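All remarks here apply to the structure that follows.
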Amino acid sequence: MFHIYCPYCEELREEEEFHPKGQAHIARPEEPDACSDEEWGDYLFFRDNPRGIHHEMWLHAVGCRKFFNITRNTVSYEILETYKMGEQPTVGAEHLAREEKTSSVQAAEGGQQTVGASDAALASVKGAQA
Amino acid sequence: MSNSIHVYDARADHATVNAESPLAYSFQSSGMPAPGEEGRAVVGERAFLGHLILRGGAIVLDEALREVLGIGLPGRPNSLTVDADGQRSVQWLSPDEWLLIVPGDETFGLETRLRAHLGGSHVAIVDVSAGQTLIELTGEAAHEVLMKSTVYDVDPHEFTVGKGVTTIFAKTSVILRRPDESRWELIVRRSFADYVYRWLLDAGEEYGIGVARESRHEPQ
């Protein structure tokens with residue numbers, strides 16, 4: 001079982017108390033009426049399914065019953081950070097790239113979200129995030 | 001907007017229907033083993049207390065509560081404040097939610113005075129007295145019974161006096177708190193009270209668990 005840090009309860013709690021609630025940081029289009037069907041469909045139905053770093057919403061369902069965000073590695077299940085709603089993550093996709101670089105592991109089989117370990121790859125990931 | 005809120009006394013003197021504790025039926029159907037000589041755990045219900053859920057900003061609620069009740073709102077997560085004679089308590093449930101427990105006959109008066117004090121502030125006060133009940137667990141093995149039942153760390157050195165959490169208990173959830181050295185309190189939903197009671201009897205069997213009869217208040 002995982003111990004997950006709830007940023008509202010300010011302590012590590014048992015995984016059993018939590019529910020995953022899907023991808024985080026999805027912004028509702030400012031003007032839904034001005035959206036094309038595709039844009040609206042993307043917002044409503046389509047979610048990322050990355051191999052690597054993923055930002056997710058979780059709910060401390062038995063506990064403070066608040067939503068918060070988790071940055072998680074979908075390959076290793078490692079939880080890299082948890083932070084409150086409305087805050088921005090401090091760990092992003094470049095985290096993996098950096099890790100790969102320091103451990104001199106080349107691009108993971110099947111292509112992780114951040115493939116390769118060159119400075120160029122790191123920069124491109126950062127660029128894509130901005 | 002306070003004039004559009006209907007506040008009514010759930011325990012009005014003219015009520016002709018007798019109140020029944022959530023465990024009244026369980027005491028009959030599952031029995032009430034008396035605490036034995038060797039008994040190291042005792043369970044008891046403190047029924048008919050007034051439970052109020054306070055929601056809103058900590059600062060306005062704290063101010064009103066200090067004025068009306070003389071105790072402050074616990075600001076730290078998972079903490080519990082108990083007044084001098086141990087009858088009234090406020091517990092942190094979430095960043096904007098607190099549970100206030102007072103003797104049953106004070107509930108309506110307190111809610112009215114709190115509302116008057118808070119005026120038009122953006123807060124909510126909900127009387128949930130009928131929806132939940134308080135089960136008390138005492139005895140030297142109380143924490144051992146809890147260790148078998150909950151995923152939360154209830155080691156007495158870790159779960160110190162003045163702490164209170166909402167967590168999983170067996171297959172349901174409870175509000176678990178420790179108002180003083182000798183007592184643990186479980187606040188359970190009315191519909192799960194029977195389940196929790198029977199679980200406690202079962203889990204506590206090896207410690208000779210018994211039921212304290214004096215803490216069982218007869219319906220008025």
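Letters A, B, ... mirror the listed sequences (proteins, then strands); counts begin at 1. None of the values given here were measured: they were computed from a predicted structure. Only this structure's heavy atoms are used, side chains among them; waters, hydrogens and symmetry mates stay out.
Heavy-atom neighbours of A:Ile26 CD1 from other residues, nucleotides or ligands within 6.0 Å: above the threshold of 12. Around CZ of B:Arg55, the count of heavy atoms belonging to other residues, nucleotides or ligands within 6.0 Å exceeds 12. The local environment of CD in B:Glu63 is sparse, with at most 12 non-hydrogen atoms from other residues, nucleotides or ligands closer than 6.0 Å. Within a 6.0 Å radius of OH in B:Tyr25, no more than 12 heavy atoms belonging to other residues, nucleotides or ligands are found. Within 6.0 Å of CZ in A:Phe46 there are 12 or fewer heavy atoms belonging to other residues, nucleotides or ligands.
The OG atom of B:Ser94 sits 4.0 Å away from atom NZ of A:Lys66, with the distance rounded to the nearest 0.5 Å. Between the OG1 atom in B:Thr167 and the NE2 atom in A:His60 there is a gap of 7.0 Å [rounded to 0.5 Å].
Nearest approach of B:Pro77 to A:Tyr8, heavy atoms of both residues: CG-O, 3.5 Å.
With respect to chain B, the highest number of heavy-atom pairs below 4.5 Å among A:Glu14, A:Glu17, A:Arg65 belongs to A:Glu17.
When the options B:Ile168, B:Val151, B:Asp153, B:Asn78 are evaluated for a side chain to side chain contact (heavy atoms under 4.5 Å, CB included) with A:Arg13, the one that passes is B:Asn78.
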